[in-house]
Amino acid sequence: MQYWLVKSEPEAFSWEDLEKSGKTAWDGVRNYQARNHLKNMQIGDFVLFYHSVSEKAVVGLAKVIGTAYQDPTTDDTRWVCVDIEPVQKFAKPISLEWIKNQPLLQNIPLIKQSRLSVMPLSKEEFEIIIKNQNISF
DNA sequence: GCCAACGTTGGC
DNA sequence: GCCAACGTTGGC
């Protein structure tokens, strides 16, 4: 079991869009580091969903329901996507500002490498972010 | 809206 | 193989 965080501009694809469609192919990734993380995802892994730019907050929890396969939005075989589905919306979004103030979250790529769109989190980092959300697994 | 950070491209 | 130019992301 691994833990991940993915970013999306809500104007492009939001948590609400994910809930509406029930599941989605996490495609369009064109960065090798992010691509490598996608390839490492396993079915059942949890994925935190972050709204970048206009909101800058983690807004929900999703999970992986399909492992990496050829990204259908390109013929270029370098790129893959995975399938995810929503688990639960956060009762209270976790802001970037809050994350920056947590001593134990100082090393996550969200802060250190702001342009990476798919990143791994440790179990501890994941649990700090989802605590107080009353999420039932 | 600006711009820093950073990844990619292409000329040499 | 280096690096300048360029495009994109995302915080501010």
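Chain naming here is simple, since letters A, B, ... match the order of the sequence lines and numbering starts at 1 in each.
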Of [range], the positions that come close to DNA chain B - non-hydrogen atoms, cut-off under 4.0 Å:
range: residues 106-113 of chain A; answer: A:Gln113
range: residues 30-40 of chain A; answer: A:Asn31, A:Tyr32
range: residues 68-84 of chain A; answer: none

- Task: For ring-ring contact (aromatic ring centres under 6.0 Å, His included), just list the numbers for A:Tyr32 and A:Trp79, CA-CA rounded to whole Å, side-chain angles, deciding distance to a tenth of an Å, and then say yes or no.
- Result: CA-CA 8 Å; A:Tyr32 290 110; A:Trp79 308 118; 5.0 Å; yes

- Check for a donor-acceptor pair, side chain of A:Gln2 on one end and backbone N or O of A:Asn40 on the other, with a separation under 3.5 Å.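 Yes; at least one donor-acceptor contact below 3.5 Å.
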
- Query: Counting N and O atoms only, with roles assigned by atom type, does the side chain of A:Ser21 sit under 3.5 Å from a partner on the main chain of A:Asp17, one being a donor and the other an acceptor?
  - Reply: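 Checking the backbone N and O of A:Asp17 against the side chain of A:Ser21, a donor-acceptor pair under 3.5 Å is found.
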
- Is A:Lys123 paired with A:Glu127 through a side-chain N to carboxylate O contact shorter than 4.0 Å?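 Yes, charged N to carboxylate O under 4.0 Å.
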
- Message: Among A:Arg35, A:Arg30, A:Arg78, which residue satisfies the salt bridge (charged side-chain N to carboxylate O under 4.0 Å, His left out) criterion with A:Asp71?
- Response: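 The passing option is A:Arg30.
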
- Item | Interface limits on DNA chain C, where chain A has a heavy atom under 4.0 Å of a nucleotide atom |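 Span of nucleotides near chain A: C:dG7 to C:dC12.
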
Approximate separation, where rounding is to 0.5 Å, of [X] [atom1] and [Y] [atom2]:
X: A:Cys81; Y: A:Leu38; atom1: SG; atom2: CG; value: 8.0 Å
X: A:Glu55; Y: A:Tyr50; atom1: CD; atom2: OH; value: 9.0 Å
X: A:Lys63; Y: A:Ile43; atom1: NZ; atom2: CD1; value: 10.5 Å

Listed pairs under 3.5 Å, donor-acceptor, residues 99-108 of chain A side chains, sequence neighbours left out:
{"residue": "A:Asn101", "atom": "ND2", "partner": "A:Glu97", "partner atom": "O", "Å": "3.2"}
{"residue": "A:Gln102", "atom": "NE2", "partner": "A:Trp98", "partner atom": "O", "Å": "3.2"}
{"residue": "A:Gln106", "atom": "NE2", "partner": "A:Lys100", "partner atom": "O", "Å": "2.8"}
{"residue": "A:Gln106", "atom": "NE2", "partner": "A:Gln102", "partner atom": "O", "Å": "2.8"}

- Could you pick out which residue, A:Arg115 or A:Val53, lies toward the 5' side of DNA chain B when each is mapped onto its nearest nucleotide?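 Comparing both residues, the 5'-ward one is A:Val53.
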
- Task: Give the minimum heavy-atom separation between A:Pro86 and A:Gly22, together with the two atoms involved.
- Result: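 The answer is CD-O, 3.1 Å.
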
- Task: Please list, chain by chain and in numerical order, all residues satisfying ring-ring contact (aromatic ring centres under 6.0 Å, His included) with A:Phe49, sequence neighbours excluded.
- Result: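 In terms of ring-ring contact (aromatic ring centres under 6.0 Å, His included), with neighbours along the sequence ignored, A:Phe49 is linked to A:Trp15, A:Trp26, A:His51.
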
- Query: Side chains of A:Ser54 and A:Glu11: do they bring a donor and an acceptor to under 3.5 Å?
  - Reply: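 Yes.
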
